[in-house]
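Input: a single structure, listed below in structure tokens.
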Protein chains: 2
Amino acid sequence: MSKPEITTSRLDDAARAGWLYYVAGNTQDEIAAKLGISRQSAQRMVSLAVSEGLVKVRLDHPIAHCLDLAAQLKKRFDLKMVEVVPTDPGSTSTTLGVADAAADEMTRWLKSEAPIVLGIGTGRTLKAAIERLSPIECPQHKVVSLTGNISPDGSAAYYNVIFNIADKIKARSFPMPLPVIASSPEERELLHAQAMIRPVLELSAQANVAFLGIGDLEDDAPLFVDGFISRDELLALRRAGAVCEIVGRAFDRNGVPIEGLTNDRVASAHIPSRETATVIAIAMGAKKLPGIVAAIKGSLINGLITDEQTAEALLRPA
Amino acid sequence: MSKPEITTSRLDDAARAGWLYYVAGNTQDEIAAKLGISRQSAQRMVSLAVSEGLVKVRLDHPIAHCLDLAAQLKKRFDLKMVEVVPTDPGSTSTTLGVADAAADEMTRWLKSEAPIVLGIGTGRTLKAAIERLSPIECPQHKVVSLTGNISPDGSAAYYNVIFNIADKIKARSFPMPLPVIASSPEERELLHAQAMIRPVLELSAQANVAFLGIGDLEDDAPLFVDGFISRDELLALRRAGAVCEIVGRAFDRNGVPIEGLTNDRVASAHIPSRETATVIAIAMGAKKLPGIVAAIKGSLINGLITDEQTAEALLRPA
DNA sequence: TTGTCTTATGGGCAAATACTCACACAATCC
DNA sequence: GGATTGTGTGAGTATTTGCCCATAAGACAA
């Protein structure tokens, strides 16, 4: 992995160029003239500003259709919050749009003066959301990971995002130095009894809000691709009726946890209580649809951030 | 202003197009295809979204605030250029940051192929700026001092920076072998009539750009500390309403020159015409605030390099 | 110091975008 | 009824932008 190592002064210039371009509406030629650089360099500065996430574009218009879908979903499934973003018909990305919406929703929570406990799951969607989060200082809050952050190979799991978010918001973070799935139920108990782990588990139960991804269990299930479970285990789960996985735990199409199998060894915290916490799933796409349906049916979540297409599919008479 | 009366559905489409463009990163062609409209219409949708303020761009960088302030100052006070640098909250230095910014601005001017005449004032801030100037060969330009460079003790004044800059940029320099303040109005006339001085004064009037410091007139006014005026003269100036000094000349809070007193004996050149030249003051800090206000009110300058804090103070409703 | 490697710069070009114009259609006005 | 005005559309065109590549500049080890 190559480290870009971008100096502060470089980012400063990039921000300048980005400001001149997006806020002041200059062309790249004008920026080049004003900054005394070539147009090509100006272009590079602007694109650097974009790629470094300095430039945030927000659309301040609730598209009627999306609002409508959100309202319907909220009513039909008795959810606390629903956010529906437009779908890009051509794109196959499972993060596009929802990641930004999730980042916005997080920001809304983080702006709270009162200290909150923020639970964080894992997954690609969540990672993308955190990346889009604007830095905001909120040392009053606590961020707690709901899943272990140790990869099967012993490294910190790539899609565990607790460190990224803690860094961005300058809050105290409580990672869970565990594998996602222990080697045996006994080992899980042993691990959970550890002095370092117990407080984290307790804190996770007190979360005011949690953001979770929903993992599918298709052939390229994230849990399998990232090496947390074997192919055989994946197939066994599917045979047992599992359709999705949340913080490592597998559920059937009604949101009921699968008995036995890997679920006996999942070391993650439990999903915070839907009575006391807002538990928001961030998920979109046909692949995740069964999982979203399951999560809703089983009342595993009471909040949802998804896209138009998925929202429509959810509302379609089953 | 005519209200176009845009229907909701129209704005909805615009938002959708804007979303596809800015968030999903589609080209207008793709948007056109997806929404089943012509490319031109897609373009119109996107630009409608922008002009209706649906698209909000935010820059997540400290610099963004500075640029905002600069744009406001420029507009409010009708200045040709304004540069605002971030304030380091801890530091009390009056040169930090602005010196670098001034050096950068000078460099931009010096990069010009066409010969320019660069007027230079005096003062600690300017000296710091010159120190930070990167050496650059530009023999096509001329650097002219706007103030005398002879100290009361006969030596070259320490804070006269013409020699430093001329040396750095390898341009022809035109120092002014005069005291800043002559001993009498008559002596001033005599000095100005000298064959060596006259061309320098004439050149100073032709300056394309000038960089000036603004001196306060507090108890530790640079003019007094450096021995150019006596304590009594300082007090007399203050009694006469003077709040600042530029190239040795004192001005009241509206930027009007003080009548009589030391001003009758100031041997400096006049500030170049704001019609033909860009006259840039480099100043920051609470102490200099009244002076900056005066310089702006009196249109003594049409460019400013300052810091965030000072910029905010300048914009605060008086 | 020299050679080599990496990184940054500016020229050129194709793609993408903004703008202008002419026209079609509809509602309104005379 | 016909003219007028406003609004939307598509075509053509100038400008702007993104990207590739050759080259220059800087870093670093020998």
Side-chain angles (χ1 to χ4, degrees), chain A residues 1-57 59 61 88-91 93 96, chain B residues 1-57 59 104 107-108 110-114 132-138 169-170:
Chain A
M1 182 158 49
S2 64
K3 192 80 208 311
E5 187 59 52
I6 293 160
T7 59
T8 318
S9 69
R10 199 158 180 72
L11 270 187
D12 274 12
D13 290 342
R16 254 206 184 64
W19 189 89
L20 288 167
Y21 190 74
Y22 288 103
V23 182
N26 285 289
T27 68
Q28 296 181 353
D29 269 315
E30 291 170 316
I31 295 168
K34 284 178 189 176
L35 266 45
I37 54 178
S38 70
R39 190 190 65 76
Q40 292 78 354
S41 300
Q43 198 274 334
R44 280 187 195 100
M45 292 286 108
V46 173
S47 87
L48 179 67
V50 174
S51 67
E52 285 298 307
L54 267 46
V55 179
K56 296 260 161 59
V57 183
L59 252 124
H61 184 80
D88 178 358
S91 164
S93 161
L96 190 71
Chain B
M1 188 156 36
S2 67
K3 195 78 208 2
E5 186 56 53
I6 294 159
T7 60
T8 325
S9 70
R10 193 155 187 74
L11 269 186
D12 232 58
D13 289 343
R16 198 170 283 276
W19 190 89
L20 287 169
Y21 189 72
Y22 288 105
V23 182
N26 287 285
T27 70
Q28 296 180 353
D29 270 316
E30 291 170 319
I31 295 168
K34 284 173 188 176
L35 297 183
I37 53 179
S38 72
R39 193 185 62 71
Q40 291 82 349
S41 298
Q43 197 275 329
R44 278 186 196 99
M45 290 288 113
V46 173
S47 87
L48 179 67
V50 174
S51 66
E52 286 296 309
L54 268 47
V55 178
K56 294 255 166 63
V57 183
L59 249 108
D104 286 350
T107 305
R108 271 191 285 277
L110 292 170
K111 270 188 183 160
S112 148
E113 285 294 324
R132 278 166 177 74
L133 193 63
S134 328
I136 163 176
E137 303 247 335
C138 30
I169 67 174
K170 310 271 183 278

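Given the structure is predicted, the values throughout are model-derived calculations rather than measurements. Each chain gets a letter, A, B and so on, in the order the sequences are listed, and its residues count up from 1.
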**Request:** Please tell me which of A/R44 and A/Y21 maps to the more 5' nucleotide of DNA chain D, matching each residue to the nucleotide holding its nearest heavy atom.
**Result:**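 Whichever sits nearer the 5' end wins; that is A/Y21.
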**Request:** Answer yes or no: is there a side-chain heavy-atom contact under 4.5 Å between B/V50 and B/Y22?
**Result:**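 Side chain of B/V50 against side chain of B/Y22, heavy atoms only: contact under 4.5 Å found.
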**Asked** Any side-chain heavy atom of A/D88 sitting closer than 4.5 Å to one from B/K34?
**Response**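 Touching, per the 4.5 Å side-chain cut-off.
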**Message:** By the 4.0 Å heavy-atom rule, please label B/Q40 as base, sugar-phosphate, or nothing.
**Reply:**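 Base contact.
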Whole-Å distance between [N] [atom2] and [X] [atom1]?
{"X": "B/N26", "N": "C/dA16", "atom1": "CG", "atom2": "C1'", "answer": "13 Å"}
{"X": "A/I37", "N": "D/dT17", "atom1": "CD1", "atom2": "P", "answer": "13 Å"}
{"X": "A/M45", "N": "D/dG18", "atom1": "CE", "atom2": "C1'", "answer": "15 Å"}
{"X": "B/R39", "N": "D/dT13", "atom1": "CZ", "atom2": "P", "answer": "14 Å"}
{"X": "A/Q28", "N": "C/dG10", "atom1": "CD", "atom2": "P", "answer": "14 Å"}
{"X": "A/D29", "N": "C/dT17", "atom1": "CG", "atom2": "C1'", "answer": "14 Å"}
{"X": "A/L48", "N": "D/dT17", "atom1": "CG", "atom2": "P", "answer": "17 Å"}

**Item:** Side-chain N,O (B/Q43) to OP1/OP2 (C/dA18) below 4.0 Å
**Value:**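 Answer yes for this pair, as a side-chain N or O of B/Q43 is under 4.0 Å from OP1 or OP2.
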**Request:** Give a yes/no answer on whether the side chain of B/S38 brings an N or O atom under 4.0 Å of OP1 or OP2 in D/dT9.
**Result:**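 For B/S38, the contact criterion (side-chain N or O under 4.0 Å from OP1 or OP2 of D/dT9) is not met.
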**Nearest listed nucleotide, side chain of B/S41, among C/dA16, D/dG10, C/dA18** =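 Of all the options, the side chain of B/S41 is nearest to D/dG10.
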**Prompt:** Distance-only, no hydrogens or angles: does the A/N26 side chain make a donor-acceptor pair with backbone N or O of A/I31 under 3.5 Å?
**Reply:**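 Checked: no pair found.
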**Request:** Check B/L20 against A/P89 and note the closest heavy-atom contact, atom names and distance.
**Result:**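 Residues B/L20 and A/P89, closest heavy atoms: CD2-CD, 4.2 Å.
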